[in-house]
Amino acid sequence: VSAAATFLTENGLVGGILLVGLFIAAILVILQGLQYGTQENVSSLNQIIGMGGVTSATVLIGAFFLYPASLIHNLILFSTLGILVGTLASGKSDASYDIQLTQSTTKTIAVSLVIIFLMVISIALLYFEGERYAAAITFEQGLRTWNNERKYSDATQIMTRSLQLDRREDSYGRSLAQLYLDHITSLIQQPIANQATLQSLQSDFQITVGNAVQVVQELTQRNPQDPFNWATRGNIYENLIPLVQGADIPAVEAYKKAEELDPKNPAHPLSLGRTHLVIAETIARTLQPRVQQLSAQQIQDANSTIQKELNMAVEELTRAANLKPDLAAIHLLLAQTYDRRGEVDKSIQATENLKTLTPQDVGIRFQLGFLYYKINDLAKSQVEFEEAVRLNENYSNARYFLGLIFDRAGNKPAAIDQFERVGALNPDNQEVKQILANLKTGKAALAGIVPPAEEPAKRKATPVPDSGGVESPVRGR
């Protein structure tokens, strides 16, 4: 995002007016510089400085509208404009003025006060800009500490210091909130060896969640007109939905506020749709182990809520797709949401759209093949699985389903070939060993496996390795 695109949001209307005035003055100076550089009575050195200043100022102003601005960029821009103005002034015959201060005490005092005032202002600006520069350096140090060394404690201390030095820079707070979120994820994934470890992790989790929430709340309170602050706040709460009861409401509210401030950005309805999907999946996950303890009415109410959340997810994702039809993430979530609602045909259509946008994505090919397999369209399913193994010949789960398709078509040799390849990649998988034994004795591939186990297409998750931690029939791609 260019500096000009975010300047009004970050600096307000007065800052925007001053910026326009600055650039109008800069354009006038550049035009004067062009005339100055062609005058015959100007020395060669001044001509070189003048034309160099014109070129540099033009490039730097153009960069302001094309790229994010840094402190160094702004320093060079204003220094260049200052040098250019000074060079133009030095070439004018009437550039020098004599002011007699000794003849009037009042004039002397007034000029002295103005000079003192300007000195104080200059020192104050130097102090504040110095703090901003120090904050930028500190922030970069914190990022390096986390990205390169993964030292969470040191990184949070350094990035917190950068935020204290310059609270006007919202990106520091957003990055710090993301750092807290990364740490929450790492805490969840840590093994629990004993009760003491559990208590330590719980304490660390509560502290980190509190810090993350505090940072995003301060961000939105300090600069409530920045949609990215609200989006960051929504992201923090969204990731807490499966972990903290009641996190769904502030997540939805934050994303809606971001969308209100930035209605043309498809990222906000995309995030809202994803949040509603997470809410539905969280309810379904907590409902399943408690089915025997709940009444029929309670189960019906829970399922009704799940469908309501899925419907809202589809509504938000459809609006995101209308804003940006070529954004692959939208179609991926739409396909997943339609599949959760049991609308496989619509899920297939969304995945076909996604395949058009990302034809080389092996995961999308697998997902589409799996969906066709679920509705028993084996010909189309075979095409997608074959394309998946062409893109990645070690994609075990695609070969797993290809083997099942060949078996159902009566092509035992081709089925055996696929499962032998799967077995070579997964030598400890007992299900694959039994399938191979069945095929080599002329039996159906899943004989003695289904039942008692569910059909692969009816299991709780497709056999994709990154299916959210749910165990799949085959390990790895």
>> If you apply the rule side chain to side chain donor-acceptor pair (under 3.5 Å), what do you find for Glu431 with Tyr400, and how did you get there?
In response: CA-CA 11 Å; Glu431 183 171 299; Tyr400 177 97; 2.5 Å; yes

> With a 4.0 Å cut-off, would you call Arg399 and Asp417 a salt bridge?
Replying inline: no

> Shortest non-hydrogen contact from Thr351 to Ser347?
Replying inline: OG1-O, 2.7 Å

>> Any donor-acceptor pair under 3.5 Å linking the side-chain atoms of Tyr372 with those of Gln367?
In response: no

>> Counting only heavy atoms from other residues, nucleotides and ligands, does the tally under 6.0 Å from CZ of Arg222 exceed 12?
In response: yes

>> Using ring centroids (six-membered ring only for Trp), state whether Tyr152 and His183 fall under 6.0 Å.
In response: yes

> Considering only heavy atoms from C-beta outward, does the side chain of Phe205 approach that of Ile184 to under 4.5 Å?
Replying inline: yes

>> What I'd like to find out is whether the side chain of Asn397 reaches to under 4.5 Å of the side chain of Tyr395, using heavy atoms alone.
In response: yes

>> Can you tell me if Gln245 has over 12 outside heavy atoms packed within less than 6.0 Å of its CD?
In response: no

> Less than 4.0 Å between a side-chain N and a carboxylate O, is that true for Glu316 and Arg319?
Replying inline: yes

>> Just to verify, which of Lys412, Lys443, Gln418 counts as forming a side chain to side chain donor-acceptor pair (under 3.5 Å) with Asp407?
In response: Lys412

> With respect to Arg174, which candidate in Val216, Leu219, Asn235, Val215 satisfies the side-chain contact (heavy atoms from CB on, under 4.5 Å) definition?
Replying inline: Leu219

>> Regarding Gln382 and Glu386, do their side chains bring together a donor and an acceptor under 3.5 Å, going by distance alone?
In response: yes

> If we ignore angles and hydrogens, is there a donor and acceptor under 3.5 Å between the side chains of Glu218 and Gln214?
Replying inline: yes

> Less than 4.0 Å between a side-chain N and a carboxylate O, is that true for Arg421 and Glu393?
Replying inline: no

> Regarding Glu238 and Tyr255, is there a side-chain donor-to-acceptor distance under 3.5 Å anywhere?
Replying inline: yes

>> Both conditions, 6.0 Å and 45 degrees, for the charged tip of Arg150 above the ring of Trp146: are they met here?
In response: yes

> Can a donor-acceptor pair be found between the side chains of Asn376 and Arg408 at a distance below 3.5 Å?
Replying inline: yes

> Do you see a donor-acceptor pair shorter than 3.5 Å between the side chains of Thr185 and Asp182?
Replying inline: no

>> When you compare the side chains of Arg233 and Thr220, does any donor N or O come within less than 3.5 Å of an acceptor on the partner?
In response: yes

> Is there a donor-acceptor contact under 3.5 Å from the side chain of Thr286 to the main chain of Thr282?
Replying inline: yes

>> Quick test of your reading of the model: are Asp339 and Lys374 salt-bridged, counting only N-O distances below 4.0 Å?
In response: yes

>> Could you check whether atom NZ of Lys151 has more than 12 heavy atoms from other residues, nucleotides or ligands sitting under 6.0 Å from it?
In response: no

>> Would you say that more than 12 heavy atoms from the other residues, nucleotides or ligands in this model lie under 6.0 Å from the CZ of Phe65, or not?
In response: yes

>> For Gln297 and Ser295, which I'm curious about, is there any donor-acceptor pair between the side chains at under 3.5 Å?
In response: no

>> If you apply the rule side chain to side chain donor-acceptor pair (under 3.5 Å), what do you find for Asp204 with Thr208, and how did you get there?
In response: CA-CA 6 Å; Asp204 198 355; Thr208 308; 3.3 Å; yes

> Distance only, no hydrogens: is a donor on one side chain within 3.5 Å (strictly under) of an acceptor on the other, for Arg168 and Asn223?
Replying inline: no

> Any side-chain donor paired with an acceptor under 3.5 Å for Gln349 and Asn353?
Replying inline: yes

> Is there a donor-acceptor contact under 3.5 Å linking the side chains of Asn426 and Asn429?
Replying inline: no

>> We want to know whether Thr305 and Asp301 form a side-chain donor-acceptor pair, criterion being a heavy-atom distance below 3.5 angstrom.
In response: no

>> Does this structure show an ion pair linking Glu260 with Lys257, if we count only N-O contacts that are shorter than 4.0 Å?
In response: yes

> Between Tyr338 and Leu333, is a side-chain contact (heavy atoms from CB on, under 4.5 Å) present by the stated rule, with each step listed?
Replying inline: CA-CA 9 Å; Tyr338 281 131; Leu333 283 173; over 6 Å; no

> Once the angle between the rings of Phe385 and Phe401 is folded into 0 to 90°, is it parallel (under 30°), tilted (30 to 60°) or perpendicular (over 60°)?
Replying inline: parallel

